[in-house]
Structures are given as C-alpha cells and as structure tokens.
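Read the structure below first, then the notes.
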Amino acid sequence: MKVIKILNNNLVFARDDNGREVIVKGPGIGFHASRGDTVDESRIGQVFYPQEKQNIQQIQEFLLSIPAEYLNFVQDFVDSIKAAEGITFNSSIYLSLSDHLLGTIKRYQEGISLENVLLLDIKRLYKKEYTWGEQMLAQVKKVFGVTLPSDEAGFIALHFVNAEENQSGNDSYKIAAIVSDIQQTVKNYYSDLEFDDNSLYYQRFLTHLKYFAQRYLHKELQTDQDDSLFQLVSQQYREAFGCVKMIFLMMEERYGYQLSQEEMMYLTIHIQTNAEHARRKDSHT
C-alpha cells in the first residue's frame, strides 16, 4: 500500500496493492510519511473503501470533518463488538456512527432530543443490536460525560443492523424487493418531485421500509393503537396519505398483506417529510 497524500498525522490517502484508492487511519500513520512511501502496516487501524454512491473525496472530507476523539471512540467500540461476537460489519459503520454520535451530542448540548417513534419495534426485533446501543450510551457517558436518552440506543442499533454482513441472503433479497416496490410506488405518485436519495430524511425512510419488510417476512404484524392519531395524520397530510393508500393497494395485490393503521400512519409521516424536503430543495435551485 503506497501513500498518495498525507491528510494529517492520523490519516493518509493511499493506493492498495490492487490499485484501489483508500483512506487509511491509524495513530501517527501520516507522521514523517511522504508521497510514494509504503504505508506502515503496524500503524493501520482502519482502511476505508468507497461504498455505493461514494467517492474517495467524499470519504476524505467526511473523515476530516469529524473530530478524532469521535472516530477513535466509535472504532474502539465497534471493534470490541466484532471481537466479542465474532461478527463482521460493513466498514461504513465507522463513518455513519461517528457522524451520528457527533450530531447527537451537539443536539443534546443545545437542548434538543429526538424521539425515536420506532423504539419499541427496535427493542423487540433487534434485541442484540439494541443492547449494543445501550452499551454505547454507557460508554458515551463515561468518555464524554453526556447522558443520552434511551431513544438513542435505538438509533445506534439501526446503524449496527444496516452494517451487518451476515444477514440471510434470502431475507435480504425479499426485503430489497419489497423496499424497491414501495419506493417505486412513491416515486410514481410524486412523479413531479425528485427525492434526495442521499438525504438523512430519505435514509430514515429506507430504514423504516427495511423494518417494515422484515416485520412482514417474519409475521411481526403491527397492531392498531391510536385511531385518533391516525385520523389526525391522515387528514393533516392528505397528499402523503393518498400515496400510502396506493402502497396499501400494491401490498395487498402483490403480497396479500393489508397495512395496519399504525403502519400507514408512520409511512405517511415519512413520505410527507421527504416530499417537503424535495420541494424545499427544488425551490432553492
């Protein structure tokens, strides 16, 4: 592995033995190094490869924008889980979880706390990952002196779920098919809008869809709980609810499954949020 550029003492832009451009992280890995040098393998802590829709420049900018203490904290925690559980994660978790943690602590310090409306589902469906989330919150309190709410354990759990590489291939295929069908229904309904697939809003929507697909496959059906809230959401967000009715018909026709009111309500909120974001983006272009 050869050095292309020194980013700072702990990050170098390099080319691996297969000719792929990578970002290499490690304590002092860039210190006294020069272009063309062989990367000191004894100092390598993590190698970042571009994922889908990423390029090496984006990873470089991302890593340089996150304080080292957050990157190091997440790397140590994730690696401890990997070692204890014998599990493999997609390397993107180091970036996504560091960014999430940085934003969460910043919001907390500003007095802002986000409610995780799927917390009960997460605790029920992803017990192991939720436990990791709780463990990370305990470590955050110890290292950063910040006590985050349990909602955050759920958000952290989702990062682990999305980064796991040992999921059933059959399940993954079926989940991908259901998510794709729902996305296409939404995009057909909002044919005049261009959704930002890379936005945080859309990524949360995708996470919700993956959740929904997994519940469907494992017969973990939602139960209706609050009819008055469902009525409020369906009336306040009529356009988005119209889209959800199309999803209802699609799911019934293709999968023989009828969405519950609670599922329709959550989908309506996600779709409304993404439609508003897309329109705001259009108005600024």
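Values reported hereafter were calculated over all heavy atoms of this structure, with side chains retained and with hydrogens, waters and symmetry mates removed. Every value quoted in this text rests on a predicted model; they were computed, and no experiment measured them.
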_Please evaluate residues F241 and F230 with respect to the criterion ring pair (Phe, Tyr, Trp, His ring centres under 6.0 Å), reporting the C-alpha separation (whole Å), side-chain torsions for both, the decisive distance (0.1 Å), and the verdict._
CA-CA 10 Å; F241 184 67; F230 168 76; 5.7 Å; yes
Under a 3.5 Å distance rule, please check whether [X] uses its side chain to pair with a backbone N or O of [Y] as donor and acceptor.
| X | Y | value |
| --- | --- | --- |
| N116 | D151 | yes |
| Q258 | F248 | no |
| S180 | A177 | no |
| N18 | R20 | no |
| Y189 | E239 | yes |
| Y216 | M251 | no |
| Q184 | D181 | no |
| N9 | G28 | no |

_Parallel, tilted or perpendicular, judged at 30° and 60°: which one describes the rings of Y190 and F195?_
perpendicular
*With under 30° as parallel and over 60° as perpendicular, where do the rings of F73 and F144 fit, or are they tilted in between?*
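The rings of F73 and F144 stand perpendicular, inter-plane angle above 60°.
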Do [X] and [Y] pair up side chain to side chain, a donor and an acceptor below 3.5 Å, judged on atom types alone?
| X | Y | value |
| --- | --- | --- |
| Q135 | Q139 | no |
| Q75 | Y70 | no |
| E152 | H100 | yes |

_With a 6.0 Å cut-off on the ring centroids, do F205 and Y202 count as close?_
yes
_Please tell me whether F89 and Y94 form a close aromatic pair, meaning their ring centres lie under 6.0 Å apart._
no
*N72 CG to N10 CG distance, which is reported to the nearest 0.5 Å*: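 It comes to 7.0 Å.
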_Straight-line distance of L267 CG to Y237 OH, nearest 0.5 Å_ = 14.5 Å
*Kindly indicate, with the supporting measurements, whether the criterion ring pair (Phe, Tyr, Trp, His ring centres under 6.0 Å) is fulfilled by F212 and Y266.*
CA-CA 10 Å; F212 164 75; Y266 283 131; over 10 Å; no
_Over all atoms of both residues, closest heavy-atom pair of G154 and Y130_ =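 Nearest heavy atoms, G154 then Y130: N-CE1, 3.7 Å.
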Taking C-beta and beyond as the side chain, do [X] and [Y] meet within less than 4.5 Å on heavy atoms?
| X | Y | result |
| --- | --- | --- |
| K25 | L71 | yes |
| H270 | L209 | no |
| V3 | S34 | no |
| L11 | I29 | no |

*asked:* Evaluate Q272 against Q236 for side chain to side chain contact (heavy atoms under 4.5 Å, CB included), listing each step before the verdict.
replied: CA-CA 10 Å; Q272 176 70 21; Q236 187 169 346; over 6 Å; no
Is the shortest side-chain N to carboxylate O distance from [X] to [Y] below 4.0 Å?
| X | Y | result |
| --- | --- | --- |
| D196 | R280 | no |
| K2 | D37 | no |
| K141 | E134 | no |

*Establish whether F155 and Y201 are linked, either directly or via other cluster members, by ILVMFWY side-chain heavy-atom contacts under 4.5 Å.*
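No; Y201 is not reachable from F155 via cluster members.
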[atom1] of [X]: more than 12 outside heavy atoms within 6.0 angstrom?
| X | atom1 | value |
| --- | --- | --- |
| E110 | CD | yes |
| K82 | NZ | yes |
| R35 | CZ | no |
| E85 | CD | yes |
| E41 | CD | no |

